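To start, the structure itself, in structure tokens.
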Amino acid sequence: MSSTNMPTFIPGLELSRRFYTDAVRPLLEEAAPGIPHSAARLGSGSEVLGFDTPRSADHEWGPRVQLFLRRRDVSRHGGRIRHLLAEHLPKTFAGYPTHFAPTGDGDIRVMEATDGPVHHRIEVTHRAAWFTDVLGFDPSQGITPSDWLATPTQLLGEVTGGAVFHDGLHELGPLRHTLRWYPHDVFLHVLACQWQRISQEEAFVGRCGEVGDELGSAVVAARLVRDLMRLCLLMDRRYPPYGKWLGSAFARTHAAPRLTPVLTAVLAAPDWHTRERHLAHSYEIVAGVHNQLHLTDRVDPATRPYHSRPFQVLRAERFTKALTARITDPTLRDLPTVGAVDQFVDNTDVLTRPETTRAVSDLMRKPLPERL
């Protein structure tokens with residue numbers, strides 16, 4: 001859709017809500033009267049996380065809805081509903097085309113005017129199929145620790161974000177409530193593993209700098225900044241999104257007002273001594289946030305030298321140890337501190353594409369010896 005023809009921007013969730021209420025639901029009641037359904041805008045898309053802007057309209061953004069029916073009703077009525085919507089939906093809604101045309105880039109489509117039937121983005125599905133396709137499992141059948149750890153936080157954010165417009169099946173609300181955050185022991189494990197990531201690299205900023213590798217020191221520091229941002233999101237009980245939206249999500253955390261200037265100074269530092277000094281400050285802020293959560297006994301938030309080497313670090317493994325000690329599930333307590341899938345896999349396809357996620361999830365659900 002050309003930017004010159006763009007109507008006044010409406011946040012995508014609000015656009016989809018109005019679209020369902022004013023355009024989709026009346027047609028659904030005509031096509032399948034008396035058949036219960038739920039309607040929502042969940043899944044992929046910047047609007048689901050609340051980060052969309054007018055730029056988002058250039059692909060896969062617009063009047064979109066998921067319609068959830070009972071499994072038997074999808075097979076009986078799904079085709080008729082899709083056809084009726086294609087033939088009778090308005091060509092535009094609130095100034096936006098309801099037709100999505102191919103771009104030539106895989107399945108990606110973009111809003112475009114049409115004189116023929118509307119290729120709409122209204123998904124007619126049932127609960128088990130949709131959640132299994134997105135997450136790799138059906139949460140209504142129970143969620144195991146392996147399910148939690150095998151699912152990227154981006155995808156957990158996509159199914160707990162967005163909005164439910166109508167829940168006539170009384171399924172979406174309870175499932176989203178169950179998925180809203182990790183069980184306590186899983187939460188402790190994921191937090192412990194995030195601290196462990198910091199522990200593994202915090203001394204490298206100084207070590208790289210000491211041998212004259214300022215570029216390497218800066219790269220390590222940037223990785224640590226990213227891990228601290230994700231840690232703050234986890235401590236706020238927010239699922240960290242993938243890289244494109246990490247900064248936007250971090251800005252909404254409780255720690256962001258204090259921490260953002262410090263992390264910015266880390267990234268702007270001209271030398272490793274300055275970089276290390278700002279990192280030490282950021283470590284102490286985040287350690288203080290940890291202590292305020294009262295998940296463990298108080299851990300000393302002060303930085304200190306790295307063994308006999310002249311590098312100032314937090315020794316973040318102390319927080320890992322304190323959190324792991326509070327885990328009551330022996331299976332989780334004895335796991336290696338590599339964490340959930342996106343704590344050791346850094347690949348956008350794995351973190352955002354369901355088909356790739358399923359392959360990784362299948363591997364994660366195997367006993368540890370079979371993964372290696």
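Residues take their numbers from the sequence shown, with the count starting at 1. Remember, predicted model here, so these are calculated numbers, not experimental data.
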Count the heavy atoms belonging to other residues, nucleotides or ligands that lie under 6.0 Å from [atom1] of [X], then report whether that count exceeds 12.
X    : atom1 : value
R70  : CZ    : yes
R71  : CZ    : no
H307 : NE2   : yes

If we ignore hydrogens and angles and just use 3.5 Å, is the side chain of [X] paired with the main-chain N or O of [Y] as donor and acceptor?
X    : Y    : value
E202 : L314 : yes
D342 : P152 : no
T153 : P240 : yes
T92  : P97  : no
S56  : T53  : yes
R64  : R121 : no
R41  : L15  : no
Q194 : R230 : no
E276 : H273 : no
T160 : L179 : no

Looking only at side-chain N and O atoms, does R80 offer a donor or acceptor that is under 3.5 Å from a partner on H83?
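Side-chain D/A pair, H83 to R80: absent.
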
Looking just at side-chain N and O atoms, do T337 and T320 make a donor-acceptor pair shorter than 3.5 Å?
no

Worked verdict on I81 versus I35 for side chain to side chain contact (heavy atoms under 4.5 Å, CB included)
CA-CA 11 Å; I81 291 171; I35 295 176; 5.9 Å; no

Measure the shortest side-chain to side-chain distance between [X] and [Y] over non-hydrogen atoms and say whether it is less than 4.5 angstrom.
X    : Y    : answer
E171 : S38  : no
H126 : L69  : no
T144 : F137 : no
R238 : R252 : yes
V190 : L149 : yes
T328 : D185 : yes
D300 : R318 : yes
R333 : T324 : yes

Please step through side chain to side chain contact (heavy atoms under 4.5 Å, CB included) for the pair I122 and L89, ending with a clear verdict.
CA-CA 11 Å; I122 301 171; L89 277 172; 3.6 Å; yes

If hydrophobic clusters are built from ILVMFWY residues whose side chains come within less than 4.5 Å, do [X] and [Y] share one?
X    : Y    : result
L155 : L175 : yes
I198 : L293 : yes
V289 : V313 : no
V219 : F311 : no
V110 : I108 : no

Mind running side chain to side chain contact (heavy atoms under 4.5 Å, CB included) on F250 and L263 for me, showing each step along the way?
CA-CA 12 Å; F250 170 75; L263 297 181; 4.0 Å; yes

Does the plane of the ring in H290 sit parallel, tilted or perpendicular to the ring in W195? Use 30° and 60° as the thresholds.
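Correct class here is perpendicular.
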
In terms of ring plane angle, is the pair Y20 and F165 parallel, tilted or perpendicular, where the classes change at 30° and 60°?
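Y20 vs F165 ring planes: parallel.
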
Which pair of heavy atoms, one from [X] and one from [Y], lies closest together, and at what distance?
X    : Y    : answer
T178 : W148 : O-CH2, 3.7 Å
L49  : Q154 : CD1-NE2, 3.9 Å
Y96  : T8   : OH-O, 3.4 Å
F187 : L234 : CE1-O, 3.3 Å
P145 : L332 : CB-CD2, 4.2 Å
A128 : D138 : CB-OD2, 3.4 Å

Indicate yes or no: does [X] engage [Y] in a salt bridge with an N to O separation below 4.0 Å.
X    : Y    : answer
R197 : E201 : no
D297 : R326 : yes
E317 : K321 : no

Please check if the distance between the ring centroids of F204 and Y306 is under 6.0 Å.
no

Going from [atom1] on [X] to [atom2] on [Y], what distance comes out if it is rounded to the nearest 0.5 angstrom?
X    : Y    : atom1 : atom2 : value
H189 : Q343 : NE2   : CD    : 7.0 Å
Q312 : L279 : CD    : CG    : 11.5 Å
E47  : I10  : CD    : CD1   : 13.0 Å
L228 : I285 : CG    : CD1   : 10.0 Å
R277 : T274 : CZ    : OG1   : 5.0 Å

Could you note down all residue pairs passing side-chain hydrogen bond (donor to acceptor under 3.5 Å, both in side chains) where residues 102-111 supplies at least one of them, sequence neighbours left out?
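As it turns out, the side-chain hydrogen bond (donor to acceptor under 3.5 Å, both in side chains) pairs with a partner in residues 102-111, which skip direct neighbours, are R109-H119.
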
If the test is ring-ring contact (aromatic ring centres under 6.0 Å, His included), which one of F9, F51, F100 qualifies with W61?
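The passing option is F9.
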
Just do the side chain to side chain contact (heavy atoms under 4.5 Å, CB included) check on W272 and C208 with the steps written out, would you?
CA-CA 8 Å; W272 76 267; C208 290; over 6 Å; no

